[in-house]
Structures are given as structure tokens and as C-alpha cells.
2 protein chains.
Amino acid sequence: MGFTGCSCENCHNKMCSKRVPIFSAFNEDELSRVSGLIIRRQYKKGELIILEGACPESLIIINSGRVKAYRNTIEGREHILYIFSEGDFFGEKNLLLDHEATYNAEALEDTGICTINKKAFQELMREYPELSFKVMEELCSRLARLENTIESMGTKNVELRVNSVLVEFSEKYGSQHPRGILVELPMSREGIANYIGLTRETVSRKMSLLQEEGIIEMVGNKKVIILDMERLSL
Amino acid sequence: MGFTGCSCENCHNKMCSKRVPIFSAFNEDELSRVSGLIIRRQYKKGELIILEGACPESLIIINSGRVKAYRNTIEGREHILYIFSEGDFFGEKNLLLDHEATYNAEALEDTGICTINKKAFQELMREYPELSFKVMEELCSRLARLENTIESMGTKNVELRVNSVLVEFSEKYGSQHPRGILVELPMSREGIANYIGLTRETVSRKMSLLQEEGIIEMVGNKKVIILDMERLSL
DNA sequence: CGCGCAGTTGATTAGGTTCAAGGGATGTGG
DNA sequence: CCACATCCCTTGAACCTAATCAACTGCGCG
């Protein structure tokens, strides 16, 4: 089911908290305590974890798998805001205030999550300021990413947007390859289009162009080799 | 100089921290302590407070005035990310990690700020978890706003973008008026255009259209009366 | 009162969307 | 292991709309 290591419940929980950056400063004892607060849940590919407008009572941390956070626009398209993967958390809007969820969260593949009741998590943050700091760091880095996204969406230059999304994916899903960096695309052309606010046709065309220019090479539909990172991130 | 109340240094500082939402849970004694950590500074309209790429050592809180946070795009345009006003803070990227500032901050009018050394602020957050919580709340609400912005920028419908920016301004800078809501626009057409990723001409045209349709009425160049909020936020 | 800058308006152009059709990849069943 | 079906991706052509370029207007300031 995507889990590594031994199979006892206890271990699972510990591993969950151990893999999570926000708990990285915790020692074994503290982690055990956290484990006690966690409820685990399993979702199948395509299942909805949070529905926009709901008021979940818990912070959700991804144990394994990948989740897309998106909204449906008035035009009926789906706009993807985040792709979360192992170790990421979401539902932060509800952490302190009782806000409604501002996006849908759907499992992109079979996904295991840990939930922590928000009151309990607040208590933890009160006790361990380092935990608050980690959460803040993550929030700030999300802000930074959204700021970048907004800048590139404000940009008229569409090529630039496609390029930057490829660079972004290469940082998150890339691995070394003799001819460059092999990137496992986390979504389809349509997904990418919805992520950067274009249509799938345009994404397709721009990527074909990049291939013609020898900057990337497509490997099937789900992979891309970035041959010339220089020119891509320029 | 834009300050209200008595003129002794002490009072000023207290007022500064009192007006600031993140310190709203502090009592008089705690506020005095905060005041001791604050260094005040004054900027003239048009002056740069933070330069993108700099590493300011402090959190900056606005005491009076307004500040625009923006980046220069590759195309040479200026993209506005935030308009901060009294009580807002910025420089949060540097609060925990030593990140560079990701945007320029420029005073839109004569502006008074308070700066708190980041180490000292961290110490405060460690001692008063409530302070961390307030900061997190603010970060989350910024995330929410950016998510909205991204959604509306992903939208092809340009009218919608102009409409939502007017609604946003009405919430922040609007006041009652016999015929609707009077909004003091915080920036020029060009500013608005740079805020929502359009050109000034397009903003102009769309606003003229809205006026023709009887949804808004322009009062000079810096004010707008929203006559029909229904149709605007639809 | 007149100057200058911001805003408006018009004509043209460019580029992405849309609609439509063809091509590959992936996966299933025989 | 191959054939087939489906889904996604790609490519082409026409259209539409915002950007651009350019001229004009008028508000706001000295």
C-alpha cells in the first residue's frame, strides 16, 4: 500500500511524523506523543479528501501519495493551486480560525494521510514554538511560490510560463539523466494547462516548440528530459 | 506627520503596537516591552523601504501610511503583489530563515514604520504563542488572497478580473455613499493594470463599459462609486 | 491660466482560444 | 504477443480579444 518498513500500527504512525518536515525537530519521545494524536486514513486515486467549503476539524498531513488542491472556476474549468506530496500538510486555513476550506483536495494516486485534530495541534504548537516556526516557514514558502506564480501569470509571455512550470517540476520531480534532467510530470497536459492558466492545446504547442529547439525532449507523455536547463530558466 | 494622539516617544510606540492586529492580545505591560524593541522610521512618498534581494534584519510594521509591494517583471513592467496599510507587517520571509526579500516595498504616501529585530521577534513568539498564531492567521489570509488572485488571473474573462479588483478595493477602501459605495482607488489605472496583469488601456475600457452599464460611476480619476454591487460581484 | 501627466478612445496587430480532425501511447482481452 | 479500443496528445485553420501604437482629452497642479 505504499508504506515501507515494519507493519505494526505504532511504527506506521511514528514514520508518518518522522517523515514530516514540520516535526523534524522533534525527538523520539515527542514523536511518540504526536503519534498518539494521529488518525490515519487511506484514499484511492481520484477520491476527494476535502471539499471546498467544508470545515474539516483537522490538519491533514500526507504520509504517502500525491494530492492536488484545486478550485472550479466560474468558466467550469478546474484551476490547480497546489500539488502536495509526502510530508506536506494542508487544511491550514482551519488550523486557527474556523474558515471554510478554500479548495478541493483530490488524491492523484493512492494516498495515505494522517489527521491531527486542530485543537490538539494548537496545543502542540503552544508547547513547542519550534513547531509553529516550521509551520510558518512552510506558509512563507507557499506565499513565495504563489507570488512567483502570480508574477508569471501576469506576464504576457506565455512561453515563459510554460518554461517556469517545467523548471518547477524539475526541482520537485526531477532526477539525473545522462542527457540532462529527467522529469516525471505530475499531471497531464490538461492539468498543466489548468495549473498555469492556459489551454491544453497551447501547452502542447509550446512544448513541441521547446522540443524542436532542442531544449527538452519528450519521453512518452508523462516524462520529459530537460536537455538545456540554461535556456529553459532564462 | 500622520500621527494622532500625544507626541511623546513612549506613547507613539505604544500606539504603534496597539494598532497592530498581531499584538492585539497583548496587555499594557507586554506592549510596553514590545515598544522597547521597536525602532521607528519615517519614509516619504515614493521612497523605497525594501529592495528586492536585500536581507533586512527586521520585521516591518506599518504605523501610518500605505506601502506597495511589487516586483519588476522581465518585460520591464511592475507587478504589484500587495498593498499594505496601517497595522500590516511585511518582511516575513526573513523572519525565520535568512531569505532575501522577494519584492520591493515602496511608500505610496508618507509612511511611518516600526521595525523589530527578527531575533527579538522570534523570542517574543517563543514566549507568547498567541503572537505566533496571529502571524500565522495573517499568513493564511494572505495565502487565501493570493489563491483568489491566481484563480481570477487564470480566468480568461477579463471583465471578471476588473470587477473583482473593484470589489476587493471596496472592502478595503470603501465607505457608504447615498448612491452606493464610494471607493478611494489606492492606485492609478496603470497600477490597477499591473495588479491584475492587464494594460492600463484595457482597464480604462472595461471601467468605461461598467460606467455605461450603470454599474459604477467614476468621480474624477481617483474615486469610483459602486452603484450596483450585485452585478459587480456576480 | 496653462502646462503636464494620467486617462481615454480608436485602429491595427498579434497570439491564444476554439473547433475540428488526425496521431500515438497505454492498457486490455483474445 | 498481437489487435483493438480508448484516451490523451498533437496539429491545423478560423476567430476573437487584449496588446500595441497613436492621437486626443481633461483632470489636477503649480
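Only heavy atoms go into these numbers, but all of them, side chains included; no hydrogens, no water, no symmetry mates. Bear in mind the structure is a predicted one, so any value in this text is a computation, not a measurement.
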Please report, rounded to the nearest Å, how far the [atom2] atom of [N] is from the [atom1] atom of [X].
{"X": "A:E212", "N": "D:dT11", "atom1": "CD", "atom2": "C1'", "value": "11 Å"}
{"X": "B:K222", "N": "C:dT8", "atom1": "NZ", "atom2": "C1'", "value": "15 Å"}
{"X": "A:N194", "N": "D:dC8", "atom1": "CG", "atom2": "C1'", "value": "14 Å"}
{"X": "B:L185", "N": "D:dC27", "atom1": "CG", "atom2": "P", "value": "16 Å"}
{"X": "A:E159", "N": "C:dG16", "atom1": "CD", "atom2": "C1'", "value": "11 Å"}
{"X": "A:E75", "N": "D:dC16", "atom1": "CD", "atom2": "P", "value": "17 Å"}
{"X": "A:R189", "N": "C:dT17", "atom1": "CZ", "atom2": "P", "value": "16 Å"}
{"X": "B:L198", "N": "C:dG16", "atom1": "CG", "atom2": "P", "value": "16 Å"}

Please tell me which of the listed nucleotides, D:dT10, D:dA18, C:dT8, lies nearest to the side chain of B:R200?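 Nearest nucleotide to the side chain: C:dT8.
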Picking from D:dA18, D:dA19, C:dA6, which would you name as closest to the side chain of B:T199?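 Of all the options, the side chain of B:T199 is nearest to D:dA19.
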Check whether NZ of the Lys or CZ of the Arg A:R142 lies under 6.0 Å from the centre of the six-membered ring of A:F89 and within 45 degrees of that ring's axis.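 Pair A:R142/A:F89 counts as cation-pi.
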Flag the pair B:R179 and B:E217 as a salt bridge only when some basic side-chain nitrogen lies within less than 4.0 angstrom of an acidic carboxylate oxygen.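 A salt bridge links B:R179 with B:E217.
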Would you indicate what [X] reaches in the nucleic acid, counting non-hydrogen atoms under 4.0 angstrom: base, sugar-phosphate, or nothing?
{"X": "B:V203", "value": "nothing"}
{"X": "B:K206", "value": "sugar-phosphate"}
{"X": "A:M187", "value": "nothing"}
{"X": "A:T202", "value": "base"}
{"X": "B:M207", "value": "nothing"}

What about [X]: does its side chain form a donor-acceptor pair under 3.5 Å with the base of [N]?
{"X": "B:R77", "N": "D:dT20", "answer": "no"}
{"X": "A:E201", "N": "C:dC19", "answer": "yes"}
{"X": "B:R205", "N": "D:dT20", "answer": "yes"}

Tell me the bend of the helix from C:dC1-D:dG30 to C:dG30-D:dC1 as the angle between end helix axes, each from five pairs, rounded to the nearest 10 degrees.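 Inter-axis angle at the termini of the helix from C:dC1-D:dG30 to C:dG30-D:dC1: 40°.
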Show, in sequence, the C-alpha distance, side-chain angles and deciding distance for A:R71 and B:E147, and conclude whether the salt bridge (Lys or Arg N to Asp or Glu O under 4.0 Å) test is met. CA-CA 10 Å; A:R71 294 189 194 177; B:E147 287 165 7; 3.6 Å; yes
Check whether more than 12 heavy atoms from other residues, nucleotides or ligands sit under 6.0 Å from atom [atom1] of [X], and answer yes or no.
{"X": "B:K45", "atom1": "NZ", "result": "no"}
{"X": "A:I39", "atom1": "CD1", "result": "no"}
{"X": "B:K172", "atom1": "NZ", "result": "yes"}

Residues that A:T202 engages under side chain to side chain contact (heavy atoms under 4.5 Å, CB included), provided they are two or more places apart: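 With sequence neighbours excluded, A:T202 shows a side chain to side chain contact (heavy atoms under 4.5 Å, CB included) to A:V158, A:L198, A:T199, A:K206, given in chain and number order.
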Considering heavy-atom distances to DNA chain C, does A:N157 or B:M218 have its closest nucleotide positioned more toward the 5' end?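 Of the two residues, B:M218 wins.
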At less than 4.0 Å, is any side-chain N or O atom of B:S204 found next to OP1 or OP2 of C:dT9? Yes or no.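 No, because none of the side-chain N or O atoms of B:S204 sits under 4.0 Å from OP1 or OP2 of C:dT9.
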A:E92 vs A:V135, side chain to side chain contact (heavy atoms under 4.5 Å, CB included): CA-CA, chis, key distance, verdict: CA-CA 9 Å; A:E92 72 288 343; A:V135 171; 5.9 Å; no
